[in-house]
Amino acid sequence: MRKYFQEEIETMPVEKIQALQSERLVEQVKYVYEHVKWYRDRMDEAGVSPADVHGIGDLHKLPFITKDDLRDEYAYGFLGVPLEDCVRIQSTSGTTGRRVVSFYTQEDIDVWEECCARAIVAAGGDKGDVCHVCYGYGLFTGGPGLNGGSHKVGCLTLPMSSGNTERQLQFMQDLGSTIICCTPSYAANLGESIREQGIKDQIKLKAGIFGAEPWTEGMRQNIEELLGIKAYDIYGLTEISGPGVSFECEEQKGMHIQEDHFIPEIINPETGEILPEGEMGELVFTCITKKAFPLLRYRTRDLCRLTRKQCSCGRTHIRMTKPLGRSDDMMVVKGVNVWPSQIEAVLIKQGYEANYLIVVDRQGNNDTIELQVELTPEMAEKQDKTVAEREKKLVKGLQSMLGIRVDVHVVDPKTIERSEGKAVRVIDKRHLYES
Ligand code: DLL
């Protein structure tokens with residue numbers, strides 16, 4: 001079976017990758033300076049000219065781009081080619097403000113799809129596979145990206161899109177899907193339905209490629225058991241292309257960033273200072289091959305660590321840890337930093353699945369935080385503990401993880417709404433009181 005989609009590039013010695021990055025960066029900075037007025041103005045203001053950039057060691061001289069900059073310049077401000085040379089747009093969901101629209105030339109699409117193809121091969125995909133894509137299609141990059149990657153690998157591609165779980169399961173059985181691509185929350189949702197219907201032995205899946213939202217190791221284990229597969233993480237964002245910016249290999253220990261196209265940095269999100277390898281901070285990307293939407297030093301707001309430690313799969317590209325979440329996912333409740341992923345880790349440790357909802361509110365001047373979590377079907381059946389005992393144990397676990405009291409309500413199975421795309425796990429009602 002094929003191990004790499006592009007062995008020469010994926011296993012290139014680090015010095016060679018860095019030389020390639022330097023060469024491409026020098027070209028790209030010139031290109032962006034000439035084609036994107038916003039960047040030319042910022043570089044002029046900072047007193048930096050393309051001639052000052054000789055390689056990746058000079059990356060720090062360039063200004064950052066933030067999501068607010070993209071919103072201010074909506075829609076065409078960062079366009080690097082005439083509109084007539086663009087063949088596609090994709091867009092973010094716009095849940096946290098105005099949408100960001102990203103443009104692609106045909107070559108940009110080819111690069112993006114190739115990154116997705118590399119991800120599929122890294123998950124064990126080959127020509128003989130049936131690749132079931134149930135990420136959403138349309139403006140969201142998940143469906144189109146993995147669809148294109150699957151074609152490039154030569155898999156039989158099922159462009160299912162999200163939703164309609166009954167139809168998903170029917171096609172999965174009728175057509176013998178072997179690889180599934182969707183959000184981890186939808187994978188768990190499908191897994192539950194398979195368990196309920198008792199059809200696991202009719203499902204031929206061997207691997208899943210899951211991303212677009214944070215998910216914990218506990219959730220991975222859960223999905224692997226429910227679906228009888230190996231579950232691989234894939235990361236990306238619309239602004240940088242879409243899924244496939246990084247992905248896991250068979251080791252499942254961090255995601256390899258496609259360094260021939262993207263240069264990563266980790267910075268301190270408060271000060272912008274570049275942090276040494278291994279430290280947790282905000283991930284920043286510079287695209288060195290994109291033409292239509294050529295972002296340099298784009299601040300993702302995602303927090304993770306990078307490692308160059310040799311991976312036994314043979315890939316030499318740097319790895320990133322699972323993002324803890326976006327810096328803007330972090331809530332400050334009762335003066336304490338709270339990440340939904342910390343809460344999820346406590347739940348999974350105590351045997352729950354990731355079916356929960358966090359509601360943050362305010363009473364007078366005080367914050368309140370409530371967690372609703374479902375009993376698993378086994379817990380409901382066994383009834384070895386009362387709901388009150390379960391709630392007490394969760395309150396204790398959360399108190400020791402977060403340092404604050406969370407009001408816990410354990411509810412019946414299947415009472416919390418399921419997601420078909422990115423899961424909504426937090427409702428912060430405090431925003432309602434902001435003027
Ligand atoms: O979510 C692209 C994608 C589609 C990635 C399918 C993977 C699979 P956006 O809608 O622009 O693009 O959202 C990007 O989602 O900045 C992260 O905060 C989050 N995210 C994406 N992948 C992961 C992941 C797509 N594997 C934003 N783990 C990013 C954690 C992820 N968070």
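First listed ligand is number 1; within each ligand, the first listed atom is number 1. All values derive from a computational prediction rather than experimental measurement.
Not close to ligand 1: Arg301, with no non-hydrogen atom less than 4.0 angstrom away.
Of the residues Val426, Val336, Val333, the one that meets the side-chain contact (heavy atoms from CB on, under 4.5 Å) test with Ile369 is Val333.
Of all the heavy atoms of Leu237, the ones lying under 4.0 Å from any atom of ligand 1 are found in both the backbone and the side chain. At a heavy-atom distance under 4.0 Å, atoms from both the backbone and the side chain of Thr238 approach ligand 1.
In this structure, the protein non-hydrogen atom closest to atom 27 (C) of ligand 1 is Arg326 NH1, 3.2 Å. Among protein heavy atoms, atom 10 (O) of ligand 1 sits closest to Lys422 NZ, 3.1 Å. Scanning the protein heavy atoms around atom 16 (O) of ligand 1, the nearest turns out to be Asp302 OD2, 2.6 Å. Nearest protein heavy-atom neighbour of atom 23 (C) of ligand 1: Ala212 N, 3.4 Å. In terms of protein heavy-atom proximity, atom 25 (C) of ligand 1 is nearest to Gly236 O, 3.6 Å.
Taking the side chain as every heavy atom from C-beta outward, Cys311 and Arg319 approach each other to under 4.5 Å.
Without hydrogens or angle criteria, Thr183 side chain to Gly421 main chain gives a donor-acceptor distance under 3.5 Å. Judged purely by atom type and a 3.5 angstrom limit, Glu353 has no side-chain atom pairing as donor or acceptor with the backbone of Ile348. Ser162 places no side-chain N or O within donor-acceptor distance of the main-chain N or O of Tyr135, the cut-off being under 3.5 Å. When atom types are taken as modelled, the side chain of Gln90 and the backbone of Thr238 share no donor-acceptor pair closer than 3.5 angstrom.
Using a 4.0 Å cut-off to heavy atoms of Thr92, the atoms of ligand 1 that qualify are 11 (O). Remark: ligand 1 atoms within the under-4.0 Å shell around heavy atoms of Pro323 are 28 (N), 30 (C).
Of the N or O atoms in Pro243, none lie within a sub-3.5 Å distance of an N or O in ligand 1. Polar contact with ligand 1: present for Asp233 (N/O pair, distance under 3.5 Å). For ligand 1, none of its N or O atoms has an N or O atom of Trp215 under 3.5 Å away. Inclusion of Thr300 in the set of residues having an N or O under 3.5 Å from an N or O of ligand 1 is not warranted. Where the criterion is an N or O separation shorter than 3.5 Å, residue side chain and backbone included, Phe140 fails it with respect to ligand 1.
Judged by distance alone, the side chains of Gln168 and His132 do bring a donor and an acceptor atom under 3.5 Å apart.
One finds a salt bridge joining Glu250 and Lys3 here, because a Lys/Arg side-chain nitrogen approaches an Asp/Glu carboxylate oxygen to under 4.0 Å.
Ring centroid separation for the pair Tyr76 and Phe103 comes in under the 6.0 Å cut-off.
Evaluated by nearest non-hydrogen atom to atom 28 (N) of ligand 1, the leading choice among Glu213, Met255, Lys322 is Glu213.
Cation-pi geometry between Lys152 and Phe5 is not satisfied (NZ or CZ under 6.0 Å from the ring centre, within 45° of the ring normal).
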